[in-house]
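Only one structure is covered here, and it is reproduced in the block below.
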Amino acid sequence: MAATSLSPVITSQALKDLTNQTLPKTNDSSPTGSLKDCRNLTELRKLHCQIAKQGLIHRPSTVAKLISTCTALGTFESLVYAKNILNQFRYDNQNDGTLFMYNSLIRGYSSIGLGKEAIRVYLEMLSLGISPDKYTFPYLLSACTKISATAEGFQVHGSVIKMGFQGDMFILNSLIHFYADCGEIVMGQKVFDEMIDRNVVSWTSLICGYARSGLAKEAVELFFEMVEEGTRPNSVTMVCVISACAKLRDLELGERVRGYISSLGVKVNTLMVNSLVDMYMKCGAFDTAKRLFDECEQKNLVVCNTIMSNYVHSGMVREALCILEEMLRQRLVPDRVSILSTISVSAQLGSIFLGKCCHAYVLRNGLEGWDSISNALIDMYMKCGKQEVAFAVFHRMANKTVVSWNSVMAGYIRNGDLSSAWEVFNNMPESDLVSWNTIISALVQESMFEQAIELFRTMQNKGIKADRVTMVSIASACGYLGALHLAKWIHAYIKMNKIPCDIRLSTALVDMFARCGVKPDGVVFVGLLTACSHGGLVEQGRDIFKSMTSVHKISPQIVHYGCMVDLLGRAGFLEEALDLIKLMPMEPNDVIWGSLLAACRMHRNIDMAGYATERMKELASDRTGIQVLLSNIYASAGKWTDVAKVRRQLKEKGARKVPGSSSIEVNGQIHEFTSGDESHPEMMHIAAMLDEMHCRVEAAGHAPDLSNVLLNVDEEEKEYVLSRHSEKLAIAFGLISTDQGTSIRVVKNLRICSDCHSFAKLVSKTYNREIIVRDNNRFHFFQRGFCSCNDYW
DNA sequence: GTAGGGTTAG
């Protein structure tokens, strides 16, 4: 039955189930005779006594079994118990045969997240003169990873080398995982590069590390490299790569990876279905996700939680409730994540009834200790207008977090009590960006524009960086005040701080300029159109484009046409895009044709793709090799296997025939540089930056290596040619056009030259930037003056 | 012995 009102979505029986259910007890008291089946510490104690009575307690193998049973129980108490057994045994036997037991303990502490304890056990073991073996290190590294003990991990790496274990694949894989997880992906890559043998775990660890370090693109590229190299991915690899695609919000790429999965015959398990469902939902393909979910035979809690939380995030609360109902029907017991989503549903619906059911469930199952649950409850009660209950939950929280305070403050604001909100804001023990955004937007909503801007200034003075949300409020405040100079400043601030312009911010900016009486400039419209393109808002994009001339009296530049072609092309309006290109008052460039080509590929329009390719070839003939360009287009469209193919062709052709070209992507646009290229619109700034870079790098000890210049010219000329190598241009552009803290990623069609290599190392150090150069041979990760390739490539 | 999914506030 298609329910039209909200209540029938979740049946009363299901609600009753939810209210009455209890999480299964972890303690199964069924008595068993052997250690293997031991389910809790009480049972284990009994067995321990029996074993002691039988006089078996002096056998190392028996004690080892006892200890690993404790480890498997995985509680703090059971590990303390294990430690006591170990101490007793050591006392009787003077360390003989205790290594296995120590390993077991380290593993146990690591597995329950008590990394510090694991490290302590390791140190104790060392102090007793017991040397670790190859099994010790993976456990120990996993402990370091779990508690982000970076310094300790580095030390462990040192010990691994000192003790001669640098050939052990398991240890090296653990090291990759450790480095990748603590943000030292360059070190992870280094370990990977130095490995003589690699297996699928080595690759997967690195891929996953990249994805987690915010380098999802590199992760996917690495995946295709792995496949090309002949290593067969398994289901874990797939989960990592698909989640990288989800992070990129790149549906096409995700589909491609999925295609690979089926073509390789990797068995699809529930975990993979889960990551696929997540990817489809994050990319907005809800129907496909739901179909996959429905087809999944063994739905587990996680896949239900995934689909539910995605629905909740997208405001599709009815759909979320349907999933909950299905979970209950299938006798799956909701856990804290499911309940978190359900509380959020109640909040969005303002349904105090459902909210109370959730609260009851939380109390019955002892889930109120989870910060996020209590925070969600506060938010829910506030949104349902039950302030007192919200406060009760708040006051009962042992560890109030910023989120708790923020929720209370937002609750006051929602109920129109700005002065109480203000008091909370001024008295909260710590505040974050959300706190500031909340109060600033409240002031704007109350028409207290000057105060909002004043607070924004305070925020600046405190060194808190504004984001998109802040700027929407501030732009709107500025618009109401009609303060033109401020409007200009805000616009400059957004540009300078590289705050990404989504549709809301772009609209607010246009609105702000309209109210201040001055024309928004072309850059605002680039942001606006790009935002429309990424959000698939074709109708709005068309209107905005038209309004440029009709309302704002700005004549569109080539970049605006580029945005429109991209917008129309992505949405499948290929003919309209082509018509627009033909009507352009200026000559279309490679970016325009490239966008159309990418769109043709996306929508499988072979004829138009052929046409676009021809036009591109015409343009490319007097510039760089068409293949380099194509390679970049493939790369920007996520066609990594095609990229690899083109690269191989380039290699086969012989590198010298192809001019050196480096490309860098900034804000979704690919900028390509050839050696000595001066065609870039920002060339003035790039040249100034290059001069500065050369000064600083030479001061740091860099001497140009002129042997890299193969031309027959004098020294000075050689030095100039060298200083304008394409990768240097691209890096310089990267430095001036991206934020401090973002890594600079350059793709080069040829092998990087040794001068650029040592140059990049020093730039990474003097400018404190991570630089990634992908040449036709391999990745180079420059960080703090070093490169991952160890100067060998 | 090594690698993988779902988490609140504007």
Rounding to an integer number of Å, can you tell me how far [X] [atom1] sits from [N] [atom2]?
{"X": "A/L206", "N": "B/dT2", "atom1": "CG", "atom2": "P", "result": "19 Å"}
{"X": "A/M238", "N": "B/dG5", "atom1": "CE", "atom2": "P", "result": "16 Å"}
{"X": "A/M169", "N": "B/dA3", "atom1": "CE", "atom2": "P", "result": "15 Å"}
{"X": "A/D168", "N": "B/dG1", "atom1": "CG", "atom2": "P", "result": "13 Å"}
{"X": "A/I378", "N": "B/dT7", "atom1": "CD1", "atom2": "C1'", "result": "15 Å"}
{"X": "A/I343", "N": "B/dA9", "atom1": "CD1", "atom2": "C1'", "result": "14 Å"}
{"X": "A/N173", "N": "B/dG4", "atom1": "CG", "atom2": "P", "result": "12 Å"}
{"X": "A/D197", "N": "B/dT2", "atom1": "CG", "atom2": "P", "result": "19 Å"}

Can you identify which nucleotide, out of [options], has its nearest atom closest to the [X] side chain?
{"X": "A/S174", "options": "B/dG4, B/dA9, B/dT2", "value": "B/dT2"}
{"X": "A/A376", "options": "B/dT8, B/dA3, B/dG5", "value": "B/dT8"}
{"X": "A/V239", "options": "B/dG6, B/dT2, B/dG4", "value": "B/dG4"}
{"X": "A/K134", "options": "B/dG1, B/dA3, B/dG4", "value": "B/dG1"}
{"X": "A/V337", "options": "B/dT8, B/dG1, B/dG6", "value": "B/dG6"}
{"X": "A/R107", "options": "B/dG1, B/dG4, B/dG6", "value": "B/dG1"}
{"X": "A/V201", "options": "B/dG6, B/dG5, B/dA3", "value": "B/dA3"}
{"X": "A/L340", "options": "B/dG1, B/dG4, B/dT7", "value": "B/dT7"}
{"X": "A/L271", "options": "B/dG5, B/dG1, B/dT2", "value": "B/dG5"}

Whether the side chain of [X] engages the backbone of [Y] through a donor-acceptor N/O pair (distance < 3.5 Å, no angle test) should be reported.
{"X": "A/T438", "Y": "A/V434", "answer": "yes"}
{"X": "A/S159", "Y": "A/Q155", "answer": "yes"}
{"X": "A/K462", "Y": "A/M459", "answer": "no"}
{"X": "A/N406", "Y": "A/M409", "answer": "no"}
{"X": "A/R336", "Y": "A/W370", "answer": "no"}

Check every strand shown and say whether [X] touches a base, only sugar-phosphate, or nothing at a heavy-atom separation below 4.0 Å.
{"X": "A/N103", "value": "nothing"}
{"X": "A/N269", "value": "base"}
{"X": "A/R198", "value": "nothing"}
{"X": "A/R212", "value": "sugar-phosphate"}
{"X": "A/D379", "value": "sugar-phosphate"}
{"X": "A/S205", "value": "sugar-phosphate"}
{"X": "A/Y139", "value": "sugar-phosphate"}

Residues in ring pair (Phe, Tyr, Trp, His ring centres under 6.0 Å) contact with A/Y412, at least two apart in sequence or another chain: A/F391
Side-chain-base donor-acceptor pair under 3.5 Å for A/S372 and B/dT8: no
Qualifying salt bridge (charged side-chain N to carboxylate O under 4.0 Å, His left out) pairs, either residue in residues 298-309 of chain A, two or more places apart: A/K299-A/E326
Short side-chain N/O contact from A/H177 to OP1 or OP2 of B/dT2, under 4.0 Å: no
Any A/R336 side-chain N or O less than 4.0 Å from OP1/OP2 of B/dT7: no
ring centroid sep under 5.5 Å plus plane angle under 30, A/Y135 with B/dG1: no
Nucleic acid contacts - residues 293-312 of chain A versus DNA chain B, non-hydrogen atoms under 4.0 Å: A/N300, A/V302, A/N305, A/T306, A/S309
Over 12 foreign heavy atoms within 6.0 Å of CZ, A/F286: yes
CG-CZ distance between A/D379 and A/R414, expressed to the nearest 0.5 angstrom: 6.0 Å
